[in-house]
Amino acid sequence: MELTRQRSELKAFLRARRAALAPEAAGLSRGPRRLTPGLRREEVASLAAVGVTWYTWLEQGRAINVSAAALTRIARALALDATDEAYLFALAGVPRAEPSATQPVLPPAMQGMLELYRAPAFVIDPVFDVLAWNRMAQRLYDFGQFRGPLAHNHLWNAFMNPARRRLYAPCFEPGMLNLLGIFRVNHAAHPHDPRFDELIEALTRASPEFVELWQRQQVAPLSAWTAHFFHPDFGDVRAHSVRLPLRDGRADGATAFFFVPQDDATAASFARIAGELEATPQPA
């Protein structure tokens with residue numbers, strides 16, 4: 001967005017959000033002489049612990065120095081949600097610090113969408129913790145069977161869960177290098193999330209195989225990957241793993257994995273398992 005237009009948008013955005021916030025919602029008294037329904041500039045400045053003149057200049061779209069800390073306080077003063085706050089930072093041209101370790105929150109309809117899909121599908125967060133899955137994915141991966149503090153982490157299971165290792169046996173090394181490449185890119189994008197280093201340290205202590213592959217320093221894009229598995233129920237599985245980043249408010253950062261059959265045998269296997277599951281009532 002061209003700079004003059006960006007400043008104009010910033011001015012309009014701040015004024016609109018200030019006018020939309022009732023004083024009572026900010027813990028302030030309306031008083032008998034208030035002419036506008038929203039907050040005054042000096043009230044926003046006080047709530048955000050910034051100078052009135054500085055805030056006035058910001059709202060006027062002037063070229064002033066703006067810090068991430070000050071913008072965060074203004075966002076809190078104006079009761080902005082996560083999407084509004086991200087937009088405020090973008091308009092001000094200020095890099096937005098990542099939250100320390102905030103797990104994405106999936107929209108309520110996500111589980112229903114996963115269950116409608118007649119092949120394995122699941123959702124992970126940036127550090128590869130599994131957030132949701134359908135019954136097809138449960139049958140393939142047996143989520144929840146492994147125990148321990150990292151039991152729900154997709155990468156930890158890949159190296160440390162014996163059942164998962166048997167599943168990945170046909171293409172373990174290339175598959176792990178692909179997952180590690182995506183994980184490395186995610187780590188660089190979330191430098192303030194301590195869970196990445198905690199997982200790396202745990203795997204380094206537990207798995208020499210992880211250390212050897214991690215030290216290759218490979219990176220990978222978040223794109224479709226052709227997977228080859230073997231599972232006692234599914235048989236020989238060859239499928240495209242389609243990875244779709246979610247862009248839905250608090251779900252930002254999560255990625256949905258959908259398996260698409262690569263051959264007729266896999267398509268028939270998925271259809272057979274889906275039929276079995278549909279004939280079995282889900283537990284209440």
If you take all heavy atoms of [X] and [Y], which pair is closest and at what distance?
{"X": "A137", "Y": "A121", "result": "CB-O, 3.4 Å"}
{"X": "L58", "Y": "V66", "result": "CD1-CG2, 3.9 Å"}
{"X": "N134", "Y": "L114", "result": "ND2-O, 3.0 Å"}
{"X": "N153", "Y": "N157", "result": "O-ND2, 2.9 Å"}
{"X": "A206", "Y": "M160", "result": "CB-CE, 3.7 Å"}
{"X": "A202", "Y": "L150", "result": "CB-CD1, 3.9 Å"}

Would you sort out whether E85 and R17 count as a salt bridge (charged side-chain N to carboxylate O under 4.0 Å, His left out), showing the intermediate values? CA-CA 11 Å; E85 185 174 337; R17 289 297 183 271; over 6 Å; no
[X] side-chain N/O to [Y] backbone N/O, donor-acceptor pair under 3.5 Å:
{"X": "R41", "Y": "T56", "answer": "no"}
{"X": "T204", "Y": "I200", "answer": "yes"}
{"X": "R135", "Y": "L277", "answer": "yes"}
{"X": "H190", "Y": "N186", "answer": "yes"}
{"X": "R62", "Y": "W57", "answer": "no"}
{"X": "T72", "Y": "A68", "answer": "yes"}
{"X": "R238", "Y": "Q262", "answer": "no"}
{"X": "R247", "Y": "P245", "answer": "no"}
{"X": "R184", "Y": "Q218", "answer": "yes"}
{"X": "Y117", "Y": "F259", "answer": "yes"}

Heavy-atom side-chain proximity of [X] to [Y] below 4.5 angstrom:
{"X": "R18", "Y": "Y55", "value": "yes"}
{"X": "F210", "Y": "L180", "value": "yes"}
{"X": "F229", "Y": "L140", "value": "yes"}
{"X": "L244", "Y": "T255", "value": "no"}
{"X": "L203", "Y": "W214", "value": "no"}
{"X": "M136", "Y": "R118", "value": "no"}

Taking side-chain hydrogen bond (donor to acceptor under 3.5 Å, both in side chains) as the definition, give me every residue that meets it alongside D233, ordered by chain and number, with sequence neighbours left out. R139
If we ignore angles and hydrogens, is there a donor and acceptor under 3.5 Å between the side chains of H187 and D193? no
Please work out whether the ring planes of [X] and [Y] are parallel, tilted or perpendicular, with thresholds of 30° and 60°.
{"X": "F234", "Y": "H231", "result": "perpendicular"}
{"X": "F159", "Y": "F172", "result": "perpendicular"}
{"X": "Y141", "Y": "F122", "result": "perpendicular"}
{"X": "W133", "Y": "F143", "result": "tilted"}

Might you work through the side chain to side chain contact (heavy atoms under 4.5 Å, CB included) test for F128 and W156, ending with a clear yes or no? CA-CA 9 Å; F128 282 24; W156 175 265; over 6 Å; no
Determine, stepwise, if the pair I182 / R243 fulfils side chain to side chain contact (heavy atoms under 4.5 Å, CB included). CA-CA 11 Å; I182 297 170; R243 292 83 176 265; 3.1 Å; yes
Assert yes or no for the condition that the ring centre distance of F183 to F196 is strictly below 6.0 Å. yes
N-O pairing of E43 and R40 below 4.0 Å: yes
Derivation and outcome, salt bridge (charged side-chain N to carboxylate O under 4.0 Å, His left out), residues D142 and R164: CA-CA 9 Å; D142 200 7; R164 199 70 61 86; over 6 Å; no
Taking M110 as the starting point, is it possible to reach V130 by hopping between hydrophobic residues whose side chains are less than 4.5 Å apart? no
Hey, any chance V94 and L91 share a hydrophobic cluster, counting ILVMFWY side chains that come within less than 4.5 Å of each other, even indirectly? yes
